[in-house]
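Read through the structure below, which is laid out as structure tokens, and then see the notes.
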Amino acid sequence: MRNPCRFIIRNYSVVARLSTRLFAQCHVPQAGPQRLDVGHMSTYQGYPHRLDVRHMSTHPPSDEEHFFITTPIFYVNASPHLGHLYSAVTADCLHRYKLLQGFKSKFSTGTDEHGLKIQQAAESAGKDPLIFCTDVSERFKRLFVQCNISYTDYIRTSDPVHRRAVERFWTVLQDKGLIYKGSYEGWYSMQDESFLTPSQVADALDSSGKDIKISLDSGHKVEWMKEENYMFRLSAFRRPLLAWLRGNPGAIQPERFYQDVLQWLQEELPDLSVSRQRSRLQWGVPVPGDPQQTVYVWLDALVNYLTVAGYPDAGHAQWWSSAHHVIGKDILKFHAVYWPAFLLGAGLPPPRTICVHSHWTVGGKKMSKSVGNVVDPVEKSGRFGTDGLRYFLLRQGVPDSDCDYDDGKVLKVLNAELADSLGGLLNRCTAPALNPAQRYPPFCPELFAAGSGGGRATADDRRLLEAVRGLPAVVGRHYEALHAYKALEAVGGCVRLTNGFVQRHAPWKLDRGDEGDRRWLDTLLHVALECLRTYGLLLQPAVPETADRLLCRLGVGPGERSWSALSFLPRARGMACPFEGRALGADCGVLFSRLEPLDTDDRKPKRTLKHA
């Protein structure tokens, strides 16, 4: 079969050039009563001419530079689980990092509330659909507050402002001839709210031994459906999507998911049903101009990102042109195929990046209510603390492979890295026994000078300084790539080096009555406190409460905590240190309480308050 869209791209690096002739050579066969109107699809109105998404910005922002990060909006068919929180914490970490850099950052999350599954669940519960959705949506809000998710926008697809955006988006697609009335016949998964091709369906047996068809992606039961509805000309977008991806190899991260999407696009794309009959689905946005049809739940849900950006009002481009999505791998096709196709059809650019993460398992098995292994993030954040759970998820979560959750592993990681290594270092260096003046002591450059006759620093000490001096660039690069686990690993490695530095020189053994020993003691503590200050600044996106306690203990004020404040050990470079001689902050106890194994009586870990 001849591909319905013929066009040639000579330069894949600049999508703006693609956009100016995206459909100039397209011919779409008559699949419905309307013709494709290509006259309105030539430009991204109001958007920058260059759309290169291979890298997020790592440079200091210019005035009013925008950054827009989103989580998926979460379906309200059940209470939030660990995977939902992982998406939110991942996006929150990047949002906080961008704020520290000086960006004007918008961070959106929320709930997806329409669809047949929700309509039926509300009926079963004997509730009005909006009341049912509000109850579950509030659970997500409470979890996000409890886990310090600093979203700027919380959207619900039942919001009137979102309905307005969906209606406008639909009208634009329809006016361009991309939506036509047709008849859909094929497989449909109600649980996934997804239409499936025959190659996405397999035979299986249900719990009673009855033959059924299931989705290969989710394992959920599918049913054959035939009804008259509206279709989107997805078949016209295979080549444009390939051109977008080949011109922007960083558009989907990590690489394995980018390759997955390229593989999907090697096959023809069938046109996509984008509505349901109103007689079947009342809980949703009515199709503009046709009250007998309801907008397909995924089209409705995906538009939420535009709604938050301010679409369709003037000025939304400043946010949408800097949009980055964080999603789970199970919804990749919706975000990397359907959504960019919808956007290109509407004359809007695709998101800058689609950052994909894998799933959390328990004992190597997918979480399932029927198996009884679903991890409740509300309970776990209560057990391990807000920052404890955040740290574990970011430290152990690897985007391109599934991660396994285990309470014992949480205890081991938090005790080793937050309580003992980082907390122990802070307690030791600020303890009155070592620092009776409770001040940031002076630094003596001569004692660290290589080859100096009076120097007491070793080659290992100077290597520590070089490692910490280069740490902000390393951590920033990993935060940018949404590899928080690598960022935290890098910080943890330097924390261990700093502990080794203190242990190696044993400042508690020095004689304060000897001037040379006193100057060396002050210098050792100054270096250790500068290391701790650097770690506190770098950890703010991941564990904001713990980082705040650390920086407060060091006397670092709120205006001294931006990314630009990461000037490590300026005295070693002949520059003034604003903290030298400054009083430390109040001692508010341990940085992170050590956790003991779960008590078999109440199954709650005991916290041990351990001071240096």
Side-chain angles (χ1 to χ4, degrees), residues 71-81 83-84 87 109-141 143 155-159 162-163 166 184 186-197 200-201 204 206-207 212-227 229-230 272-287 292-304 327-335 338-339 359 366-371 374:
T71 71
I73 50 173
F74 304 111
Y75 210 39
V76 293
N77 61 316
S79 294
H81 59 63
H84 298 139
S87 292
T109 188
T111 44
D112 178 5
E113 303 182 6
H114 290 146
L116 186 59
K117 191 161 51 173
I118 302 303
Q119 177 179 300
Q120 292 178 346
E123 290 173 355
S124 298
K127 293 183 178 180
D128 174 82
L130 182 58
I131 294 174
F132 177 86
C133 292
T134 298
D135 288 346
V136 181
S137 186
E138 286 300 316
R139 294 178 210 164
F140 279 93
K141 274 190 175 181
L143 171 65
I155 183 170
R156 300 175 56 187
T157 53
S158 58
D159 292 338
H162 175 67
R163 173 170 174 167
V166 172
Y184 174 80
W187 297 106
Y188 183 76
S189 168
M190 188 186 74
Q191 196 158 354
D192 301 321
E193 301 279 8
S194 176
F195 298 98
L196 302 168
T197 62
Q200 295 174 296
V201 173
D206 65 12
S207 57
I212 60 170
K213 296 284 188 180
I214 62 168
S215 165
L216 286 173
D217 291 334
S218 67
H220 295 146
K221 181 182 177 181
V222 300
E223 297 176 350
W224 188 261
M225 187 188 77
K226 182 178 181 180
E227 65 180 33
N229 49 27
Y230 287 93
L272 179 68
S273 176
V274 287
S275 75
R276 302 296 309 275
Q277 290 181 354
R278 196 74 178 171
S279 59
R280 293 190 182 207
L281 175 61
Q282 299 85 46
W283 182 236
V285 177
V287 167
Q292 301 308 309
Q293 294 276 327
T294 301
V295 175
Y296 172 48
V297 63
W298 269 102
L299 174 56
D300 171 3
L302 288 165
V303 174
N304 94 85
I327 65 167
K329 66 179 182 181
D330 55 321
I331 53 176
L332 177 59
K333 181 168 287 187
F334 297 98
H335 283 80
Y338 301 162
W339 181 223
H359 293 159
K366 184 178 179 181
M367 292 187 203
S368 168
K369 286 189 289 186
S370 60
V371 176
V374 176

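Numbers here simply count residues along the sequence, with the first being 1. Quick note: numbers below take in every heavy atom, side chains included, and nothing from hydrogens, waters or symmetry partners.
- By the side chain to side chain contact (heavy atoms under 4.5 Å, CB included) test, H220 pairs with S189, Q191, D192, S218, sequence neighbours left out.
- Here the closest non-hydrogen pair linking S368 and V374 is C-CG2, 3.5 Å.
- The line from CG of L130 to OG of S158 is 5.0 Å long, rounded to the nearest 0.5 Å.
- The salt bridge (charged side-chain N to carboxylate O under 4.0 Å, His left out) test applied to K127 returns D135, not counting sequence neighbours.
- In terms of modelled atom types and a separation under 3.5 Å, the side chain of H335 and the main chain of I331 share a donor-acceptor contact.
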Using side chain to side chain contact (heavy atoms under 4.5 Å, CB included), reason through W283 and C133 one step at a time and then give a plain yes or no. CA-CA 11 Å; W283 182 236; C133 292; 3.8 Å; yes
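- Residues S275 and V295 are not in side-chain contact: their nearest non-hydrogen atoms beyond the backbone lie 4.5 Å or more apart.
- Put simply, the side chain of I118 does not reach to within 4.5 Å of the side chain of E113, judged on heavy atoms.
- Using a 4.5 Å cut-off on side-chain heavy atoms (C-beta onward), V297 and D112 make contact.
- Residues F74 and S137 form no side-chain contact, since every pair of their non-hydrogen atoms from C-beta on lies 4.5 Å or further apart.
- No side-chain heavy atom of W187 sits less than 4.5 Å from a side-chain heavy atom of E223.
- Contact annotation: the side chain of T111 never approaches that of V136 to less than 4.5 Å [non-hydrogen atoms, C-beta and beyond].
- Looking only at atom types and distance, the side chain of Q292 has no donor-acceptor partner in the side chain of Q277 under 3.5 Å away.
- Here Y230 contributes atom OH and Q293 contributes atom CD; the two are 6.0 Å apart, rounded to the nearest 0.5 Å.
- Of the inter-residue distances, the one linking H359 atom NE2 with H81 atom NE2 reads 8.0 Å to the nearest 0.5 angstrom.
- Shortest non-hydrogen contact noted between P129 and A122 is CA-CB, 3.8 Å.
- Minimum heavy-atom separation, V303 to L299: CG2-O, 3.2 Å.
- Between F334 and W298, the ring planes are parallel. Angles under 30° get that label, and only those over 60° would be called perpendicular.
- How far OH of Y338 is from CG of L272: 5.5 Å, rounded to the nearest 0.5 Å.
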Could you walk me through whether R156 and T134 pass the side chain to side chain donor-acceptor pair (under 3.5 Å) test, one step at a time? CA-CA 9 Å; R156 300 175 56 187; T134 298; 2.7 Å; yes
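- The side chain to side chain contact (heavy atoms under 4.5 Å, CB included) test applied to K141 returns E138, Y151, Y154, not counting sequence neighbours.
- Taking the side chain as every heavy atom from C-beta outward, P286 and R163 approach each other to under 4.5 Å.
- Across R280, R278, Q119, a single residue satisfies side-chain hydrogen bond (donor to acceptor under 3.5 Å, both in side chains) together with T294, and that is R278.
- Taking the side-chain hydrogen bond (donor to acceptor under 3.5 Å, both in side chains) definition, one finds that E123 meets it with nothing, sequence neighbours left out.
- In this structure, T157 and I73 have side chains that are in contact, with non-hydrogen atoms separated by less than 4.5 Å.
- Legend: residues meeting salt bridge (charged side-chain N to carboxylate O under 4.0 Å, His left out) with K117, ordered by chain and number and at least two apart, are absent.
- Contacts of K221 classified as salt bridge (charged side-chain N to carboxylate O under 4.0 Å, His left out), with partners at least two apart in sequence or in another chain: none.
- Pairing each heavy atom of G115 with each of L281, the nearest pair is C-CD1, 3.4 Å.
- No donor-acceptor distance shorter than 3.5 angstrom exists from the side chain of H114 to the backbone of Y296, with no hydrogens or angles considered.
- Across all non-hydrogen atoms, the minimal contact from L143 to P80 is CD2-CB, 3.7 Å.
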